[in-house]
Amino acid sequence: MQPIRVALAQTAPHLGDLEANLVRHAELIREARRGGAGLVVFPELGLTGYLLQDLAAEVAIRADDPRLVALAAEAGDGSAVVSFVEESGDHRLFIAAALLEGGRVRHVHRKVHLPTYGLFDERRFFAAGDALRAVPSSLGLGVGIGICEDFWHLGTAQVLALDGAQLLVNVSSSPGRDLAATHAEGLGTAASWRALLRTYAQLTTSVVVFCNRVGVDESISFWGGSEVIGPGGETLVRAPLYEEALVYADVAPADVRRERIALPLLRDERPELLVRELERIVGERAGLAADATGDGEAAR
Amino acid sequence: MSEAAAPPFELPAELRIDAAVARRVIGGFVRGQLRQAGFERALVGLSGGIDSALVAYLVAEAIGAERLLAVLLPYRTSSPASRADAEDVVRRLGCASRVVDISPVVDGYFGAAGTAGAPAVPGAGGTEALAAAPLRRGNFMARARMIVLYDASVTWGGLVVGTANKTETLIGYTTLFGDSACAFNPIGDLYKTQVRQLAMEMGVPDAIVRKAPSADLWPGQTDEAEAGFTYHELDRLLYWMIDRRRSDVELVAMGFDASTIARVDRMVAASEFKRQVPPIAKLGPRTAGVDYLYPRRRPGSART
């Protein structure tokens with residue numbers, strides 16, 4: 001199988017300006033296509049900007065919105081991942097990312113973990129998604145999508161990989177913070193993300209694609225630093241910090257196969273064990289069963 | 001002791017920042033704030049102190065010195081050395097500048113004290129204001145400077161850039177609607193010692209970096225003498241207390257003085273009101289700042 005050229009569109013969206021961002025997305029999809037990209041990935045809420053607050057309802061679109069279909073058409077026989085505010089039929093608002101291919105919306109992931117602490121206030125404005133699904137892509141690889149905070153929870157990458165993802169895509173609007181000089185790259189946020197993305201690549205023996213935005217919403221500056229990491233944890237490409245960029249990496253499906261045969265971690269996962277233990281823990285936490293270890297309340 | 005050989009200050013190790021990253025973030029922040037508001041220019045009230053000097057350097061780096069106006073706002077008792085330091089910044093940056101002596105504004109309110117040969121002349125504030133204490137006069141001066149800056153913002157066609165640092169913001173060493181008033185603040189999350197680190201790395205004149213910080217509200221005043229602790233000590237304490245969420249008990253165990261901790265705790269709590277937008281009595285279905293929540297900058301909000 002031929003390598004797949006992945007393009008990371010590290011953009012600075014205009015806050016609340018869906019139409020302007022749609023135009024920019026279409027331009028970048030065309031440019032990336034000219035650059036040979038089979039997959040173009042945009043950041044979390046790249047079509048709307050991040051710090052929307054009450055604007056969220058005003059920029060929300062349905063997953064079958066013709067403007068998404070038009071973007072899918074721009075991708076031609078390639079694929080794209082774009083992110084927006086999705087309004088469901090029952091009028092819940094989700095932070096969503098869509099895999100566009102074959103001229104249509106192939107799959108929509110709704111952000112499962114909404115950070116509502118520190119500088120984040122997502123659950124005030126958004127509903128949480130209830131599904132983690134990997135989908136077979138026309139790229140010839142299984143694709144699993146997570147949005148920013150989804151990857152700060154261990155289960156996400158594991159479930160997506162077990163469900164068939166060989167390509168884990170994380171789209172983010174990660175605010176840069178903690179400039180202590182001791183951090184690699186001078187940024188605490190970057191150091192944390194670098195570590196966890198490599199961990200997921202290695203533990204799931206998958207390609208990890210991370211596209212983080214840049215630009216400024218109010219007080220917050222988004223740090224960029226998007227990257228593609230190979231299944232052994234190696235960096236395939238890294239975009240600059242704090243600047244708009246369109247960068248490319250060639251991803252070889254053969255590398256995923258080689259890694260998974262040499263290091264069969266995914267083969268040796270024990271999902272049935274996890275399910276059993278998680279069901280036990282859920283029951284105990286709900287008070288439906290006695291704590292099997294005897295001192296559960298004290299331990300929690 | 002040789003003055004030249006003395007280090008200008010001691011930066012606590014845990015507060016050292018990556019200055020290159022800070023400059024990039026702040027540059028993007030300044031450009032973003034202006035663009036989103038529909039402005040290309042900015043202005044800064046330049047006191048001759050390190051905070052406003054650093055802000056001028058950062059804004060000049062972000063948008064070009066030709067788009068920056070420095071406004072010098074001396075009162076008749078302001079230190080001439082401060083004025084000279086501010087003029088040095090203007091000269092080095094090559095930015096536009098304007099000098100507005102606020103003495104007539106301030107004296108017009110507080111009046112002129114009597115001397116041996118002349119009786120006191122009350123100002124707009126009446127006879128009572130003749131005896132106003134220095135702190136009250138200082139706050140008035142800070143607000144007079146704010147008024148002039150916001151008027152200059154119209155004639156210059158730019159946004160007022162704030163210069164309050166994190167240390168003084170946290171302990172409340174600012175004048176509400178005075179020096180804290182601004183369109184945006186690029187250094188409000190930097191402690192004083194971090195302001196010094198960045199100022200040094202950006203080439204702010206040595207005389208400004210090395211001199212004792214002062215509000216210059218009366219001759220010879222210095223922040224550290226007035227507060228009773230050094231910025232080194234205060235910044236470290238605030239960092240561990242606020243950024244790193246250490247309890248008072250943990251802070252004492254780290255070696256901080258218990259009475260200093262208690263005093264700083266009180267200063268932080270007592271100045272909470274200065275860091276927040278005033279509350280509106282909730283009456284209607286949707287109230288600004290409570291359940292009507294929009295970003296300051298959104299489609300349609302930029303000046304056209």
Side-chain angles (χ1 to χ4, degrees), chain A residues 10 12-22 45 48-59 117-119 121-122 124-126 173-191 213-225 240-244, chain B residues 11-38 62 162 166 182-191 193-195 197-198 201 239 242-245 275 286-302:
Chain A
Q10 181 170 292
H14 293 281
L15 185 59
D17 197 341
L18 179 63
E19 295 304 325
N21 294 320
L22 279 162
L45 294 179
T48 62
Y50 177 75
L51 211 69
L52 294 162
Q53 298 183 298
D54 286 349
L55 275 176
E58 296 168 36
V59 297
Y117 57 80
L119 74 170
D121 202 14
E122 294 184 9
R124 179 186 166 87
F125 301 101
F126 295 104
S173 284
S174 168
R177 51 209 188 278
D178 191 359
L179 268 53
T182 46
H183 293 303
E185 300 180 86
L187 187 66
T189 323
R213 65 165 287 188
V214 290
V216 181
D217 284 357
E218 311 286 287
S219 291
I220 297 171
S221 298
F222 301 90
W223 60 278
L241 298 192
Y242 293 107
E243 284 171 23
E244 287 194 277
Chain B
L11 174 70
E14 63 269 52
L15 293 188
R16 175 171 289 283
I17 55 169
D18 189 310
V21 174
R23 285 163 78 164
R24 289 186 80 172
V25 173
I26 291 171
F29 172 78
V30 170
R31 287 188 295 274
Q33 295 296 321
L34 290 172
R35 187 182 58 246
Q36 290 162 18
K166 187 170 185 171
C182 61
F184 59 88
N185 181 338
I187 64 162
D189 206 18
L190 292 176
Y191 288 108
T193 49
Q194 294 172 323
V195 164
Q197 182 202 340
L198 196 53
E201 303 208 22
Y239 173 77
I242 290 173
D243 289 279
R244 296 297 172 198
R245 301 171 191 255
R275 291 184 289 274
R286 217 170 164 205
T287 308
V290 179
D291 44 18
Y292 172 86
L293 299 175
Y294 278 87
R296 294 163 61 95
R297 302 300 177 194
R298 54 175 167 129
S301 70

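Here is how names work: the chains are called A, B, and so on, in the same order as the sequence lines, proteins then strands, and each is numbered from 1.
Contacts of B:Asp291 with chain A are made by both backbone and side-chain atoms, with heavy-atom separations under 4.5 Å. In this structure, the portion of A:Leu51 lying under 4.5 Å from any heavy atom of chain B is its backbone and not its side chain. For A:Leu52, the part lying under 4.5 angstrom from a heavy atom of chain B is the backbone only. Heavy atoms closer than 4.5 Å to chain B are found nowhere in A:Glu19, neither backbone nor side chain. Residue contact with chain A, scored on non-hydrogen atoms closer than 4.5 Å, involves the side chain of B:Arg24 exclusively.
When all heavy atoms of A:Gln53 and B:Tyr294 are compared, the pair lying nearest together is OE1-C, 3.0 Å.
A distance of 8.0 Å separates OH in B:Tyr292 from CG in A:Asp54, rounded to the nearest 0.5 Å. Here A:Glu58 contributes atom CD and B:Arg298 contributes atom CZ; the two are 6.5 Å apart, rounded to the nearest 0.5 Å. We find the CZ-CG distance between A:Arg124 and B:Leu293 to be 5.0 Å, quoted to the nearest 0.5 Å. A distance of 12.0 Å separates OG in A:Ser219 from CZ in B:Phe184, rounded to the nearest 0.5 Å. The structure places CG of A:Leu179 at 12.5 Å from CG of B:Leu15, a figure rounded to the nearest 0.5 Å.
Heavy-atom pairs under 4.5 Å with chain A peak, among B:Pro295, B:Gly300, B:Ala20, at B:Pro295. Ranked by heavy-atom pairs under 4.5 Å with chain A, the first of B:Gly27, B:Ala22, B:Ala19, B:Pro299 is B:Pro299.
For the pair B:Gln36 (side chain) and A:Leu15 (backbone), a donor-acceptor distance under 3.5 Å is absent.
At most 12 heavy atoms of other shown residues, nucleotides or ligands fall within 6.0 angstrom of atom CZ in B:Arg245.
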Go through B:Gln33 and A:Val216 one step at a time and tell me if the side-chain contact (heavy atoms from CB on, under 4.5 Å) criterion holds.
-> CA-CA 8 Å; B:Gln33 295 296 321; A:Val216 181; 4.1 Å; yes

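A:Asp17 has no carboxylate O lying under 4.0 Å from a charged side-chain N of B:Arg297, or vice versa, which leaves the two without a salt bridge.
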